[in-house]
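A short worksheet on the structure shown next.
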Amino acid sequence: MIVKPDRNIALEMVRATEAAAMAASKWMGRGDKEGVDGAAVNAMRFMLNTVHMEGIVVIGEGEKDEAPMLFNGERLGFGNDPKIDIAVDPIDGTRLAANGLPNAVSVVAFADRGSMFDPKHIFYMEKIATGPGAAKAIDINAPISENIKSVAKALGKRPDDVTVVALDRPRHEKLIQEIRDTHARLRLIMDGDVAGALATCKPNTGIDLLVGIGGSPEAVITACAIKCVGGNMQCKLWPRNEEEVKKCEEEGMDLNKVLKLNDLVSSDNVYFAATGVTDGDWLDGVKYLGDTIQTSSLVMRSRSGTIRYITAEHQLKKLQRLGGPEY
């Protein structure tokens, strides 16, 4: 059956990530995480409210990061169709941007209403993610050594040629040692596990596998992106304390359940957009070229399988006349 193309709002999404990246990049290297995040949040919110949609933020950042806007349940857009679930991370890697380090990006994902997983009070998940070449090779319940062997076999590599990325956190001390015991290559990152997971999906980044415990909002956003490119991701809820465990029991949330890609985002019509704030594996950062600002973005859609790379030049004086965010 031939399905006629329907409306693609991808370019409207990328306007929001461009705005957030440009606003945040003015704070790059100043050491002020709150300044970076506040500028990105305000710019993204402003632009998303110009989109013809009835959007509800399912994955926001207000409660976790004490951000002023883009909270869970917030409504965005003009209030007309299409009805959309929204997942936002105005800056994935706020500390990276604040310190002028690589791989800070602004990201947003859209999906059909009711299709995104709501982690509720659970702010962290255990994760494993890989690209299309090893999509069938991962198992979050298996030891990391077995996952490395399986991914190596799927990619036609030796296990010690596999490169694993993980957040550099005390909670990963045992995991890091287990990875090193396999003699696999390990890349530790300070922040930005959305970018880390996406790196597994792009050829020539040298990253094959992401593992470890990271933010649950970022897990849902990452699932949207991976669904667009054909990789795979599995997660499990990771409560931080007994209070969160008890609340899970009260709400019937199964801590042993493996959340697969379709559990994290069930729709087959998913959009994902990202714009680089600082230079990274996927995207270049914001560049200031005198009278213009240059941004590097990508936008993807799962239904069509299309991946667009967009390099844009923004006329600073004209942007300022339009009002809205400060760049």
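Heavy-atom basis, side chains included; hydrogens, waters and symmetry copies ignored.
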Heavy-atom closest contact ([X] atom, [Y] atom, distance):
| X | Y | answer |
| --- | --- | --- |
| V270 | C228 | O-SG, 3.5 Å |
| L175 | G212 | CD2-CA, 3.8 Å |
| G31 | N99 | CA-OD1, 4.3 Å |
| H52 | P82 | O-CD, 3.5 Å |
| D112 | S115 | O-OG, 2.5 Å |
| V286 | T295 | CG2-CG2, 4.3 Å |

Value rounded to 0.5 Å, distance of [atom1] in [X] from [atom2] in [Y]:
| X | Y | atom1 | atom2 | answer |
| --- | --- | --- | --- | --- |
| L167 | L188 | CG | CG | 9.0 Å |
| E18 | S106 | CD | OG | 10.0 Å |
| C224 | L264 | SG | CG | 8.5 Å |
| I221 | D92 | CD1 | CG | 7.5 Å |
| S297 | D284 | OG | CG | 10.5 Å |
| R75 | I86 | CZ | CD1 | 10.5 Å |

Check whether any side-chain N or O of [X] sits under 3.5 Å from a backbone N or O of [Y] as a donor-acceptor pair, and report yes or no.
| X | Y | answer |
| --- | --- | --- |
| T163 | G206 | yes |
| D85 | M116 | yes |
| T205 | A199 | yes |
| D279 | P102 | no |
| T278 | N103 | yes |
| K136 | A134 | no |

**OP:** Could you walk me through whether F110 and L48 pass the side-chain contact (heavy atoms from CB on, under 4.5 Å) test, one step at a time?
**Re:** CA-CA 11 Å; F110 288 179; L48 288 176; 3.9 Å; yes
State, with a plain yes or no, whether a side-chain heavy atom of [X] is found less than 4.5 Å away from one of [Y].
| X | Y | answer |
| --- | --- | --- |
| V162 | L155 | no |
| M253 | H121 | yes |
| K247 | P239 | no |
| I9 | I84 | yes |
| I179 | V211 | yes |
| P143 | E178 | no |
| I122 | C248 | yes |
| V105 | W282 | no |

Subject >> Sequence neighbours excluded - side chain to side chain donor-acceptor pair (under 3.5 Å) pairs with any residue from residues 186-200 >> reply: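 Only R95-D191, K127-D193, R169-D191, R187-D281 qualify under side chain to side chain donor-acceptor pair (under 3.5 Å).
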Subject >> Any pair counted as side chain to side chain donor-acceptor pair (under 3.5 Å), so long as it reaches residues 226-246, sequence neighbours left out >> reply: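 Counting only pairs at least two positions apart or across chains, the side chain to side chain donor-acceptor pair (under 3.5 Å) contacts touching residues 226-246 are N141-K236, K227-N262, R240-E244.
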Original post:
Under the side-chain contact (heavy atoms from CB on, under 4.5 Å) criterion, do E74 and R45 qualify, and how do the steps go?
Top reply: CA-CA 10 Å; E74 184 172 358; R45 185 175 191 267; 2.4 Å; yes
Same apolar cluster (I L V M F W Y, side chains within < 4.5 Å links), [X]/[Y]:
| X | Y | value |
| --- | --- | --- |
| I128 | V194 | no |
| V58 | F71 | no |
| V258 | I144 | yes |
| I176 | Y124 | no |
| L283 | M13 | no |

Sequence neighbours left out, what passes side-chain hydrogen bond (donor to acceptor under 3.5 Å, both in side chains) with [X]? Give chain and number order.
| X | answer |
| --- | --- |
| D168 | none |
| R180 | none |
| S25 | Y288 |

**OP:** Step by step, work out the side-chain contact (heavy atoms from CB on, under 4.5 Å) result for S150 and D139.
**Re:** CA-CA 9 Å; S150 296; D139 179 359; over 6 Å; no
**OP:** Count the heavy atoms belonging to other residues, nucleotides or ligands that lie under 6.0 Å from CD of Q315, then report whether that count exceeds 12.
**Re:**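 Yes.
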Original post:
Under 6.0 Å from the CD atom of E173, do we count more than 12 heavy atoms belonging to anything else shown?
Top reply: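 Not buried by this count: 12 neighbours or fewer within 6.0 Å.
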Subject >> Short N-O contact, K26 and E326, less than 4.0 angstrom >> reply: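 A salt bridge is absent here (no side-chain N lies under 4.0 Å from a carboxylate O).
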Subject >> Sequence neighbours excluded - salt bridge (charged side-chain N to carboxylate O under 4.0 Å, His left out) pairs with any residue from residues 256-274 >> reply: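 Counting only pairs at least two positions apart or across chains, the salt bridge (charged side-chain N to carboxylate O under 4.0 Å, His left out) contacts touching residues 256-274 are D268-R303.
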**OP:** For L76 and V57, run side-chain contact (heavy atoms from CB on, under 4.5 Å): C-alpha distance rounded to whole Å, both residues' side-chain angles, the deciding distance at 0.1 Å, then the answer.
**Re:** CA-CA 8 Å; L76 298 170; V57 178; 3.7 Å; yes
Original post:
Of L298, V299, T222, V108, which meets side chain to side chain contact (heavy atoms under 4.5 Å, CB included) against F272?
Top reply: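 Going through L298, V299, T222, V108 one by one, the side chain to side chain contact (heavy atoms under 4.5 Å, CB included) with F272 is satisfied by L298 alone.
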